[in-house]
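Working notes for the structure below.
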Amino acid sequence: MPVKCNICDGSAILKRPKTGDALCKDCFYYAFEEEVHKTIIDAKLFTSGETVAIGASGGKDSTVLAYVMKVLNDRYNYGLDLVLLSVDEGITGYRDDSLETVKRNQMQYDLPLKIVSYEELYGWTMDAIVQQIGLKNNCTFCGVFRRQALDRGAMMLKVNKIVTGHNADDIAETVIMNVLRGDIGRLRRCTAITTGAEGSLPRCKPFKYTYEKEIVMYAYFKKLDYFSTECIYSPNAYRGFARAYIKDVEKIRPSAIIDIIHSGESLSVKTSVKMPVQGNCERCGYISSNPICKACVLLEGLNRGLPRLGIGKTHKERRKIEELSKKENSTQPEAAQGPGTTTSIQAPVEAMESLSLDRRKPDVTKLDF
Ligand code: SF4
Ligand code: ZN
């Protein structure tokens, strides 16, 4: 006898991973979309009239996010202007193909699309970086550069917010990784639904409570056009272990993902724990808890043929750059000091834009070590 949908009494065709409910397709779509809507409303993520950039990689999460944001924006009159924003890391055989998917999504969803590339922003593609550094720390470069690239793209588009497709599984993994690393600063931030509100563009995660399995189901039944190949440079072993661990725990406790997120949200941090103080990078103006941001340190290493600069815990080289940068600043006229003194969002963009040329052609005579 066919199983009935728990909501409408029609024929169920799936069992919801999150609740165990037997549902028909339409009731699943509706339940999925309504939960995302509830997350958006409860957290007051948007205000009518805002322009919101959807970080789009062509993968399942961001493709479903773009689709659902459009559905909810129309259904509930959020009054948002939505745009797709993609970062081209320069990974041949991976990102070039996934960007083709984003371009098709742009047509399918009738949304504007902006693509920013590592090559144009930093003068380096990930292909070239991997040639220099091999496959060990490539994701450190890629992650640091992507974060900044997304912000820069968003600032060029003059958007108010960025939304990303981070889902509940991603957040639970990040909580576990930060616990294992003892990274209290990140542990405290990683469950926030909106981050980066002070001094940089707010980033929101409407899928914070959405299970990855349900995103895959939604994309599959809706026949959404997404790209599912893994990055050819993906070692990311640490996250892989956290993921495998959570999957094991989930077998005996199905609510493990939400429980871990809830634990992360409820943690209180001792007041004696030193938290990083946010400022702006003296070089590029990007938000940073150090005088020179991580992207600038990594880039300096690449440009100088010292790609391990800024990798690992001993930042001797970072300190050298900071000292030299201080000297440079103290010998320059005030007007030329630029980004280090800026506080608004727009000013760092201009500063970063003017810096992109310097980044491609570093003045090696200034920083000698
Ligand atoms: Fe970049 Fe690593 Fe992700 Fe590949 S797996 S896109 S190199 S962060
Ligand atoms: Zn910087």
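The analysis underlying the following values was restricted to heavy atoms, covering all of them including side chains, and did not include hydrogens, waters or symmetry mates. Whatever order the structure lists them in is the order used to number ligands and atoms, beginning at 1.
- The contact set between ligand 1 and N138, taken as ligand atoms under 4.0 Å from a residue heavy atom, comprises 7 (S).
- Within the 4.0 Å heavy-atom criterion, the part of R146 lying near ligand 1 is the side chain and not the backbone.
- Between K18 and E214 there is no salt bridge, since no side-chain N of the basic residue sits under 4.0 Å from a carboxylate O of the acidic one.
- Taking the charged nitrogens against the carboxylate oxygens, D169 and K247 do have a contact shorter than 4.0 Å, which makes a salt bridge.
- Among the atoms of C142, none of the N, O or S atoms falls under 2.8 Å from atom 2 (Fe) of ligand 1.
- C231 lies close to atom 4 (Fe) of ligand 1, since one of its N, O or S atoms is found at a distance under 2.8 Å.
- Side-chain N/O atoms of T19 and D21 include a donor and acceptor closer than 3.5 Å.
- Of all atoms in ligand 1, listed by their number and element, those nearer than 4.0 Å to a heavy atom of S234 are 5 (S).
- Using a cut-off of 4.0 Å between Lys/Arg side-chain N and Asp/Glu carboxylate O, E265 and K208 are scored as salt-bridged.
- Separation of the H37 and Y78 ring centroids falls under the 6.0 Å cut-off.
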